[in-house]
Amino acid sequence: MKQILAVASKEFCDGLRNRWLLSITAIFAVLSIGLTYVGAAASGVVGIASLSTTVASLSSLAVFLIPLIALLLSYDSFVGEQESGTLLLLLTYPLSKTQLLLGKFLGQGSIIALATLLGFGSSAIVLYLQTNDSLVFTTFFTFILSAVLLGLSFTAIAYLISLSVAEKSKAAGLALITWFLFALVFDLGLLALLVGIEQGISQQGLTQLMMLNPSDIFRLVNLAGLDSSDVNGALAIAIKSSLSQQQLFVLLLSWVIMPLVLANFIFKKKKL
């Protein structure tokens, strides 16, 4: 455990030195506070948006932004150090490959978690000061926790990419392709199924397909309790599924664990 914490501390300090934490927090804070004020503009309302509208808007923002940031933060975690020769140096210390991977995951995950808490938490404070509704903190706790899990899942996916290629440039390209597939192509494919299949697709079938994308699970977690007027399309159908919010959290957590376990397996088999 001491080795894991040592690696995690190094990764976290690197993130501070490279200003990742400051940059991510600033991006989240500016965009989330902005959406809190203008989220209801589409419906012709000026000023602070309702809690339901704010969470719906933030979920739509986070589902694109968090995976991209997590992938950019982590895609070169192993291939970059392998190219520079520091990966072999690290493994000469009394440090196993599993400990190194978990240490990096803990350090980089802490950056994402802290930036998410500070950035989106600022929006919760603004909304609470305007509405004086304690439900704000309960709702935002769910939102922030699920956002952290979303970021961790794409960090683990980035490790899979980083351990599967031999060049940093290829890892960067695959990271962007991965983001594009999960953030855009997947939902367009679902929409094509809904429109293109003559008899349509069942609610259960749609929900099962959405479980193949952590971004969609994240949205389901946060939009399930909202006013139906804030949700439309495929999500409105899937939200009516029999899956509870707790089950959706478990599924989102599995998207963190499974890629991390697979990345660890690849790392152990990888010849350096």
Set out, in order, the CA-CA distance, both residues' side-chain angles and the distance that settles side chain to side chain contact (heavy atoms under 4.5 Å, CB included) for K10 and D14, then state yes or no.
CA-CA 6 Å; K10 173 188 174 298; D14 286 346; 3.0 Å; yes
Between [X] and [Y], which heavy-atom pair has the shortest distance, and what is it?
X	Y	answer
L149	F249	CD1-CD2, 3.8 Å
I24	A115	CG2-CB, 3.4 Å
S122	S32	OG-OG, 3.9 Å
V79	A171	CG1-CB, 3.8 Å
I111	E11	CD1-O, 3.9 Å
S254	P259	O-CD, 3.9 Å

When rounded to the nearest 0.5 angstrom, what is the spacing between [atom1] in [X] and [atom2] in [Y]?
X	Y	atom1	atom2	result
L251	S153	CG	OG	12.0 Å
L248	L253	CG	CG	12.5 Å
L73	S23	CG	OG	10.5 Å

Going through the checks in order, is the side chain to side chain contact (heavy atoms under 4.5 Å, CB included) test met by F64 and L184?
CA-CA 9 Å; F64 291 102; L184 297 172; 3.4 Å; yes
Do [X] and [Y] touch side chain to side chain, with heavy atoms closer than 4.5 Å?
X	Y	answer
F182	T178	yes
W179	L72	no
L176	L71	no
K104	F78	yes
L100	F267	yes
F154	L68	no
F186	L212	yes
L190	D187	yes

Between [X] and [Y], is there a shared hydrophobic cluster once you connect ILVMFWY residues whose side-chain heavy atoms come closer than 4.5 Å?
X	Y	result
I144	L135	yes
V55	L129	no
Y75	L87	no
I66	F141	yes
L106	I257	yes

For [Y], does its backbone N or O pair with a side-chain atom of [X] as donor and acceptor, under 3.5 Å?
X	Y	answer
T92	L89	yes
W255	M211	yes
S96	Q99	yes
S9	L5	no
S215	A183	no
Q108	T155	no
T25	L22	no
T139	V136	no
Q245	V221	yes
S123	G119	no

Given the side-chain rings of F120 and F140, with only the six-membered ring counted for Trp, is the space between their centroids under 6.0 Å?
no
Heavy-atom count check: over 12 atoms from other residues, nucleotides or ligands less than 6.0 Å from K268 NZ?
no
Pair L260-Y159, side chain to side chain contact (heavy atoms under 4.5 Å, CB included): steps then yes or no:
CA-CA 8 Å; L260 195 62; Y159 288 175; 4.1 Å; yes
Begin from the C-alpha positions of F105 and L152 and carry the test side chain to side chain contact (heavy atoms under 4.5 Å, CB included) through to its verdict.
CA-CA 8 Å; F105 183 75; L152 293 179; 3.9 Å; yes
